[in-house]
Chemist: 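What follows is a structure written as structure tokens; I'll ask about it next.
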Amino acid sequence: MKPEYQEPNIDPKLLAPYNPTETERRIYKMWEDSGLFNPDICVEKGYTAPDAKPYSIIMPPPNATGTLHMGHALGLTVQDIFTRYKRMNGFRTLLLPGTDHASIATQSKVEKEIQKNEKKSRHDLGREEMLRRIDEFVAGSRKTITEQTKIIGTSCDWSREAFTLDKERNIAVNTLFKKMYDDGLIYRGHRIVNWDPKGQTTIADDEIVYEERKAKLYTFKYSKDFPIAISTTRPETKIGDTAVAVNPDDTRYKDLVGKEYDLEFCGVQIHIKIIADKEVDMEFGTGALGVTPAHSIIDWEIADRHNLPRPQVINEYAKMMLGDERLLGKKTTEAREIIVEWLRSESLLEKEEDITQNISTAERTGGIVEPLPKLQWFVAVNKKIPGKGKTLKDIMREAVADKKITILPEHFEKTYFHWIENLRDWCISRQIWYGHRIPVWYRSTDAHGRQNGKSSEIETYCGTTAPEGEGWEQDADTLDTWFSSGTWTFSTLGWPNQTKDLETYHPTSLMIHAYEILFFWSARMILMTGYVLDTVPFHTLYLTGVIRDNQGRKFSKSLGNGIDPIEIAEKFGSDAGRMALIIGAAAGTDSKIDENKIKGYKNFANKLWNITRFILSYQEGNDAQADFSQSVYEKEQYEAWQATLADVTTDIENFRLHLASEKLYHYSWHTFADILLEDAKAVFLSDDQHAKNIRFQFLITLWKEVITALHPFIPFVTEEIWSLLPKDEQEKDAILMVSVWPSQRINKQ
RNA sequence: GGGCGAUUAGCUCAGUUGGUAGAGCAGCGCUUUUACACAGCGAAGGUCAGAGGUUCAAGUCCUCUAUCGCCCACCA
């Protein structure tokens with residue numbers, strides 16, 4: 001006869017399905033209140049040895065432009081897994097959080113909102129008011145981001161939180177700028193920038209959208225006396241030509257190279273030199289390129305190599321600033337018509353073809369980008385650093401080539417080297433207001449009343465604070481946001497002060513970010529750390545892939561397919577979200593996520609919950625002190641788990657989180673639950689009290705180890721289960737987060 | 001144009017130093033048995049893109065081809 005079913009005498013919350021939302025908020029608060037995210041407190045309370053090896057991760061600061069998405073959630077999960085794992089392995093573990101001011105992105109976001117709501121531009125508000133409004137917006141963003149970071153379960157030390165534009169980081173940025181300036185590595189010079197006439201601002205390369213458009217390619221001669229015809233889609237710029245370039249191997253023009261001509265072109269006197277340059281494609285058009293230095297990046301570089309003059313033809317409003325009354329002040333498109341008409345009337349136009357071309361437009365305003373020469377600040381990457389005998393580029397290359405930094409997955413090292421080889425001087429000035437203002441001041445010597453008799457000169461001062469005296473005016477530009485990001489691993493630890501944190505946690509152990517920003521960010525961190533500290537910012541760089549929706553599309557605002565991690569937390573629990581992001585996502589590979597997958601891991605959390613319920617329902621009457629080490633079945637099964645655990649540990653140590661998490665998932669569900677619990681039922685229904693004691697002790701011991709090993713991956717539910725399990729004297733007070741990783745436990749015995 | 005990668009079950013993807021092809025989801029059949037139906041048991045499903053090579057042995061290493069994707073440069 002079957003025994004009557006009786007409700008087991010266990011914590012009543014185990015009788016209901018697991019409720020992640022309620023549990024997760026409560027558990028995070030408990031962790032935070034314990035203070036144990038801070039490694040100093042872990043030492044103070046005796047969970048970490050005072051002489052423990054440090055392990056540090058500085059969190060990539062998310063842009064303070066709004067909210068976190070699933071890509072951030074993946075990054076934070078990976079960081080948190082390593083942090084929790086190392087903490088459990090006795091390291092003095094620091095995960096330092098922060099946010100990025102993201103200068104251009106943030107300013108244009110706020111500008112857009114103000115434009116939409118108040119119909120005002122930043123010029124209407126003025127610099128000071130605009131900055132105040134941006135600060136206000138950023139404060140809100142940072143609050144949201146902090147909340148999201150907590151919801152994901154990130155065990156970071158909030159007492160050390162940093163912001164790329166706070167006072168401490170500003171000191172670091174200015175100190176570094178001045179050092180580079182004094183070393184001659186930062187200089188000011190003209191360069192062609194992407195100017196957006198519509199938005200009246202320069203824009204970054206990655207804010208350009210290439211659009212295919214129909215255009216006319218005109219082939220003509222400057223004048224009847226000129227021997228070569230050239231082709232262009234922009235005849236209006238040709239009044240700024242100073243050379244015609246041909247390929248050095250082009251036999252057609254060989255004899256003409258070196259000759260110079262004075263010509264009149266549509267009413268403008270031009271001087272054209274014929275030069276040979278390898279950049280010229282013999283196959284295109286006539287094989288001869290009219291060089292317009294001021295309005296084409298390629299031509300500017302050719303002019304660099306051949307020392308050509310660079311007259312500017314087009315101004316910031318995309319209007320003509322050269323030429324006679326026919327052209328002066330006209331829009332570029334009108335000037336083009338006028339010049340083509342003139343060419344026709346002079347019979348200089350040889351050919352007119354329809355072609356399609358890629359035209360650069362500004363992502364934010366849709367305006368056609370006009371390449372214009374502007375005065376900018378640069379970091380010289382190919383110049384020898386005084387006293388070091390090598391260049392910044394060398395520093396970047398050597399860090400990876402000499403294996404001081406390992407990039408995962410490895411094939412990105414090739415991409416990295418390829419990028420380094422093609423690197424040009426880094427333009428660090430931006431014509432926007434939000435950011436670290438360039439720490440350079442100017443005044444005219446005239447204005448100050450000195451240097452009598454001489455013509456006025458500009459005096460320049462570079463320093464970490466404003467210079468003494470009258471009449472100084474600070475450079476209006478701000479720094480590229482990546483300039484401050486480059487200092488992130490050491491400025492967050494207190495540099496330029498020689499702090500205890502800097503000494504303890506730098507170089508950091510691991511950096512984790514999406515491969516998309518490898519060049520923007522990690523390369524710059526390597527550059528700056530090598531320059532300033534003669535070391536690397538981190539030992540290992542773990543690149544995550546891009547998270548896409550179930551159709552393989554990137555998440556974006558315009559598609560409206562974004563998933564807020566908070567939404568996931570509320571629907572399925574952050575534990576489930578974390579598992580879904582980690583399992584099957586090897587370093588550097590893109591992955592797709594959809595709710596079905598996350599739902600599967602919500603079920604997993606519930607499975608863990610029910611396993612616990614099953615075991616604890618046999619707690620009463622079964623001795624938890626029994627020794628199972630001599631019992632064949634238990635010994636065999638325990639050894640099998642130890643093998644799995646060793647495997648999982650190796651996977652984590654080798655950054656194979658996708659394998660480690662899947663093995664633990666599989667073991668918990670299909671070995672522990674499906675086999676061990678099923679086997680145990682027969683024992684618990686028998687009358688053999690000795691066997692029951694041993695089996696119960698075995699299950700509870702093993703389950704505690706499994707829960708512990710799962711904790712870095714799925715921290716909330718495991719912490720909650722841990723609080724319900726019987727514990728020995730040693731474990732009694734400890735929360736799971738600061739408990740010892742199981743294989744270590746064995747080693748210590 | 002230069003560089004990097006991918007192609008494995010219906011779908012999404014693992015597969016570590018070469019050693020008998022794996023998971024999750026979906027689908028199919030059975031089971032509402034006292035942890036869990038957010039479950040269990042069972043079966044089915046693959047010439048590992050194609051061709052060639054190295055090897056005792058290739059999803060894995062090499063060469064070529066095809067298709068797809070990403071990054072960089074960008075056409076005067």
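Per chain, numbering begins at 1; letters A, B, ... match sequence-line order.
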Chemist: Would you say A:Lys599 places a side-chain N or O within less than 4.0 Å of OP1 or OP2 belonging to B:C38?
Modeler: no
Chemist: Ring pair (Phe, Tyr, Trp, His ring centres under 6.0 Å) with A:Tyr667: which of A:Phe604, A:Trp703, A:Trp641?
Modeler: A:Trp641
Chemist: With pairs taken as Watson-Crick or G-U wobble and both distances under 3.5 angstrom, which stems of at least three consecutive pairs involve RNA chain B?
Modeler: B:1-7 with B:66-72, B:10-13 with B:22-25, B:28-31 with B:39-42, B:49-53 with B:61-65
Chemist: I want to verify a distance call: between B:U16, B:C70, B:A76, whose nearest atom is closest to the A:Asp651 side chain?
Modeler: B:U16
Chemist: Taking the minimum atom-to-atom distance to the side chain of A:Tyr515, which one of B:C70, B:C38, B:A39 wins?
Modeler: B:C70
Chemist: Are side-chain heavy atoms of A:Leu676 and A:Phe698 found at a separation under 4.5 Å?
Modeler: yes
Chemist: Of all the choices, B:U16, B:A76, B:A35, which nucleotide is nearest to the side chain of A:Arg656 once you look at every atom?
Modeler: B:U16
Chemist: Could you walk me through whether A:Lys273 and A:Thr242 pass side-chain hydrogen bond (donor to acceptor under 3.5 Å, both in side chains), step by step?
Modeler: CA-CA 7 Å; A:Lys273 187 177 178 182; A:Thr242 52; over 6 Å; no
Chemist: Just the atom pairs and distances: protein N or O near nucleotides 23-25 of chain B's N or O, under 3.5 Å.
Modeler:
{"from": "B:A23", "atom 1": "O2'", "to": "A:Glu662", "atom 2": "OE2", "distance (Å)": "3.1"}
{"from": "B:G24", "atom 1": "OP1", "to": "A:His670", "atom 2": "NE2", "distance (Å)": "3.2"}

Chemist: Using a cutoff of under 3.5 Å, can you pull out all pairs of nitrogen or oxygen atoms linking the protein to nucleotides 3-11 of chain B, with atom names and distances?
Modeler:
{"from": "B:G5", "atom 1": "OP1", "to": "A:Lys414", "atom 2": "NZ", "distance (Å)": "3.4"}

Chemist: Expressed in whole Å, how much space separates the C1' atoms belonging to B:A66 and B:G22?
Modeler: 28 Å
Chemist: With respect to A:Trp419, which candidate in A:Phe520, A:Phe519, A:Tyr515 satisfies the ring pair (Phe, Tyr, Trp, His ring centres under 6.0 Å) definition?
Modeler: A:Phe519
Chemist: Sequence neighbours excluded, which residues qualify as side chain to side chain contact (heavy atoms under 4.5 Å, CB included) partners of A:Lys597?
Modeler: A:Ala580, A:Asp594, A:Tyr601
Chemist: Of the candidate nucleotides B:G15, B:U16, B:A76, which contains the atom at the shortest distance from the side chain of A:Phe284?
Modeler: B:A76
Chemist: State whether A:Lys216 places a side-chain N or O below 4.0 Å from either non-bridging phosphate oxygen (OP1 or OP2) of B:A76.
Modeler: no
Chemist: Can we call the ring centroids of A:Tyr618 and A:Phe696 under 6.0 Å apart?
Modeler: no
Chemist: Where each residue is assigned the nucleotide of RNA chain B containing its nearest heavy atom, which of A:Phe614 and A:Ala586 is assigned the position nearer the 5′ end?
Modeler: A:Ala586
Chemist: Using the side chain to side chain contact (heavy atoms under 4.5 Å, CB included) criterion, which residues pair with A:Asp354? Sequence neighbours excluded.
Modeler: A:Lys216
Chemist: Could you walk me through whether A:Gln697 and A:Asn693 satisfy the side-chain hydrogen bond (donor to acceptor under 3.5 Å, both in side chains) test, starting with their C-alpha distance in whole Å, then the side-chain angles of each, then the deciding distance to 0.1 Å, before giving a yes or no?
Modeler: CA-CA 6 Å; A:Gln697 168 63 2; A:Asn693 288 347; over 6 Å; no
Chemist: Choosing from B:C36, B:A14, B:C74, which nucleotide comes nearest the side chain of A:His658?
Modeler: B:A14
Chemist: A:Trp426 versus A:Asp480: any side-chain heavy-atom pair under 4.5 Å?
Modeler: yes
Chemist: Are the side chains of A:Glu236 and A:Val313 in contact, using a 4.5 Å heavy-atom criterion?
Modeler: no
Chemist: List in chain and number order the residues that pass side chain to side chain donor-acceptor pair (under 3.5 Å) with A:Glu595, two or more places apart in sequence or in another chain; answer none if no residue qualifies.
Modeler: A:Lys571
